Structures are given as C-alpha cells and as structure tokens.
Asks: 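Below is one structure. I have some questions about it.
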Protein chains: 2
Amino acid sequence: MAKRSKPEPSVFDETCSARHALELIAGKWPMLILSALAESPMRHGALMRRVGGVSQKMLTQTLRDLERNGLITRQDHQCVPPHVEYELSALGGTLAGALIELDRWAEHNFPQLDAARERFDAAQRRSKRRP
Amino acid sequence: MAKRSKPEPSVFDETCSARHALELIAGKWPMLILSALAESPMRHGALMRRVGGVSQKMLTQTLRDLERNGLITRQDHQCVPPHVEYELSALGGTLAGALIELDRWAEHNFPQLDAARERFDAAQRRSKRRP
DNA sequence: CTGTATCCTGTATGATACTG
DNA sequence: CAGTATCATACAGGATACAG
C-alpha cells in the first residue's frame, strides 16, 4: 500500500474535497442567498430584493454555482414571461441550519465587533504617534 | 421621528453592521484559522502547519484582522526568539461552535457535492454538443 | 520564530447595456 | 422576468526577499 494512515477527510487538508466544500460558501453572497432560500423558495427578483446589495450578475452567477453543487434546485416553468423558482435541495437544507446560526451570531454580536475594532484602531493610532 | 420601523438588525440589510460581521468570516482563511484555534491556542508556526496551504502573508494578515475585531487575542511573550501565541477570545469562542458545525458539514457531505458537480457538468456538455 | 515589504497575477465584484 | 455580454476595477492571494 502506498499510503498507510486513513484518509481522514479534513477541511485543514488543502488537497481534500472538504476544503472545496467550505470554499463554496466562503464568498460574499452564497451564505446570504442560501439563508434567504432557507426562509422560503424564491424567484430571481424576490432574491434581488431580499439580499440587499447583490447585483443581478452576482446573483445569477452564485445561483448557478450553488445549483451546480446540488445545494439548490432550479424550477423553470417555461412560460412567458419567464418564471423561475429557486429552492433549497435536501442537501442544501442540511447546510441551512449552520448558516442561520451564523446569521444569528452576526446579528447578535456585531456591536461587540464594532467596539473591538474601534479600540484596536485607537490603540494603533496611539502607537503610531509615539514610535 | 425620521424612521418609524425598528432597526431590526439583519444580515440581509447591506447597510447593517451585521453584514460586516458576516463578511469578516467570508474569506478563504478566517473560518479555518478560527476552527484551528478552537481546537487549541497555537503559535504562528503551528497554525501554518495545521491550516494546509495558507501562506505566511495571509496567515499574518488574517490573524491581524481577527484580532482587530476582537475574535482572537495575541500574546506576545516579548522574548528572543519571538514567542507569540494566539487564542480565541470569549467572543471568538461563541463563533467557534457554528464554525465547527460547518466544518463537519463539509467533511461529511463533500462526496455529494462532488457527485452533483459531475452530474451538472455532464448535463452541460450534453446540451452544448446538441444546441 | 514571527513578521514586514514588495511585486505580480487572477479572480471576484460591479456598472451598464442588451436579448428572449 | 430572467438572463447574457462586455468592460473596468479592486482586492485577494501568492512568491520572494528581508528584518528584529
């Protein structure tokens, strides 16, 4: 045998696909879009309104990537005007829980982050003035 | 009063600091570094070894940013050779739980992601050959 | 050992206009 | 409404050399 130890899939191993999985949601929009779809299936336009600041391009691009990886499904009703609905897949649903927890953490703790940042920057300025 | 409705901090609001909080950990390295420190406090070198593929530059840079936002603390023992230890702050500790859940999700589900990606790409190729 | 300073490249992201 | 195409830019990320 070439390798002895068990593969032990780990996100800390850069050659492991688990790392890719994490990088899939490491961008600026995937977490938000998945969280939005966790509330309810939505159309392109509705997502645009729900996720503040996302451009049409990034929304489409991110949705494609999530669909490609099986986290969401795309229902094209093939009518005119177009009606396309996105929703979490079963696999995506298993992710949503952890993601929503992150959202809640952010919404609950951002004041502490802001305060810490301010303290840090103030300390920086002090030491820069007296080098 | 200018505004009527409650502020309702939400990650979906691009003007809310909660969004910044989320973007703090949206990069390629913050989640991994925080997860590593959740296992145990570590020195710069140990982190380099633990987090596969991280460069010295990105490690230092990310550690600074996490320290700035109060998620980790930096203990410089002021000796030579240098000995600097990083560890999760109380605030960082509250994040670690959600992060580790994400890691576990990635390590558990990446095969399904890989499979979905392969299916999607195969379907793409089929429709490209017959447009 | 820990960290800084450059230089350099690709990707992510964004603004805008156009199509079915 | 949903999506594509194009152009432009900022920034993340990596390689390397050097410093305290």
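Sequence lines set the chain letters: A, B, ... in the order given, protein chains first and strands last, and positions in each chain run from 1. Computed from a predicted structure; not experimentally measured.
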Asks: How about A:Pro9 and A:Cys16: do any of their side-chain heavy atoms sit closer than 4.5 Å?
Replies: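 Yes, side chains in contact.
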Asks: If a pair satisfies side-chain hydrogen bond (donor to acceptor under 3.5 Å, both in side chains) and one of its residues is in residues 16-25 of chain A, list it, with sequence neighbours excluded.
Replies: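 Only A:Ser17-B:Asp114 qualify under side-chain hydrogen bond (donor to acceptor under 3.5 Å, both in side chains).
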Asks: Check for a donor-acceptor pair, side chain of A:Asn69 on one end and backbone N or O of A:Asp65 on the other, with a separation under 3.5 Å.
Replies: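 Checked: pair present.
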Asks: Are B:Tyr86 and C:dG3 close enough that a side-chain N or O sits under 4.0 Å from OP1 or OP2?
Replies: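 B:Tyr86 to C:dG3 OP1/OP2: side-chain N or O found under 4.0 Å.
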Asks: Checking A:Ala90 now: which residues fulfil side chain to side chain contact (heavy atoms under 4.5 Å, CB included) with it, not counting sequence neighbours?
Replies: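 Partners of A:Ala90 by the side chain to side chain contact (heavy atoms under 4.5 Å, CB included) criterion come out as none, since no residue qualifies.
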Asks: Do B:Leu71 and B:Leu24 have side-chain heavy atoms sitting under 4.5 Å apart?
Replies: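 Result yes, sub-4.5 Å side-chain heavy-atom pair found.
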Asks: If you measure from CZ on B:Arg49 to NE2 on B:His44, what distance do you get to the nearest 0.5 Å?
Replies: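 Output value for this atom pair is 10.0 Å.
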Asks: Please report the distance, rounded to the nearest Å, between CE in A:Met48 and P in C:dT13.
Replies: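 Answer to the nearest Å: 15 Å.
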Asks: Which ring pair (Phe, Tyr, Trp, His ring centres under 6.0 Å) pairs, counting each pair once, include a residue from residues 57-100 of chain B, with sequence neighbours left out?
Replies: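 Sorted result for residues 57-100 of chain B: B:His77-B:His83.
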Asks: C:dT2 C1' sits how many Å from B:Arg49 CZ, rounded?
Replies: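 About 13 Å, once rounded to whole Å.
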Asks: Taking only heavy atoms on the protein side, list every residue of residues 71-80 of chain B lying under 4.0 Å from any atom of DNA chain D, sorted numerically.
Replies: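 Output list: empty, so none.
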Asks: Output every pair passing salt bridge (charged side-chain N to carboxylate O under 4.0 Å, His left out) with a member in residues 76-92 of chain B, not counting sequence neighbours, ordered by first then second residue.
Replies: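 Listed once each, the pairs are B:Arg74-B:Asp76.
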Asks: Considering only distance and modelled atom types, tabulate donor-acceptor pairs under 3.5 Å from the side chains of residues 92-107 of chain A, sequence neighbours left out.
Replies:
residue  : atom : partner  : partner atom : Å
A:Thr94  : OG1  : A:Leu91  : O            : 2.5
A:Thr94  : OG1  : B:Trp105 : NE1          : 2.7
A:Asp103 : OD2  : A:Ser35  : OG           : 2.6
A:Trp105 : NE1  : B:Thr94  : OG1          : 2.7
A:Glu107 : OE2  : B:Val11  : N            : 3.1

Asks: I'd like to check the side-chain hydrogen bond (donor to acceptor under 3.5 Å, both in side chains) partners of A:Glu39; sequence neighbours left out, ordered by chain and number.
Replies: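 Partners of A:Glu39 under the side-chain hydrogen bond (donor to acceptor under 3.5 Å, both in side chains) test: A:Arg50.
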Asks: What range of DNA chain D does chain B touch, first nucleotide to last, counting atoms under 4.0 Å from its heavy atoms?
Replies: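 Result: D:dG13 to D:dG20.
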Asks: Tell me, please, which residues at least two apart from A:Ser40 pass side-chain hydrogen bond (donor to acceptor under 3.5 Å, both in side chains).
Replies: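 A:Ser40: no side-chain hydrogen bond (donor to acceptor under 3.5 Å, both in side chains) contacts found.
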Asks: Below 4.0 angstrom from OP1 or OP2 of C:dT2, is there any side-chain N or O of B:Arg43?
Replies: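 Yes.
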Asks: Over the length of the helix from C:dC1-D:dG20 to C:dG20-D:dC1, how much do the five-pair end axes diverge, rounded to 10 degrees?
Replies: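 Answer for the end axes of this duplex: 50°.
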Asks: If the sugar-phosphate is the primed atoms plus P, OP1 and OP2 and the base is the rest, what is the B/S/- string for nucleotides 14-20 of chain C, using protein heavy atoms under 4.0 Å?
Replies: BB----B
Asks: Identify each donor-acceptor pair in which a side-chain atom of residues 53-64 of chain A lies under 3.5 Å from a protein atom, sequence neighbours left out, and give them as a table.
Replies:
residue : atom : partner : partner atom : Å
A:Ser55 : OG   : A:Met58 : N            : 3.2
A:Thr60 : OG1  : A:Gln56 : O            : 3.1
A:Thr62 : OG1  : A:Met58 : O            : 2.7

Asks: Kindly compute the distance separating CG (B:Leu47) from CG (B:Leu37), expressed to the nearest 0.5 Å.
Replies: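 Answer rounded to 0.5 Å: 5.0 Å.
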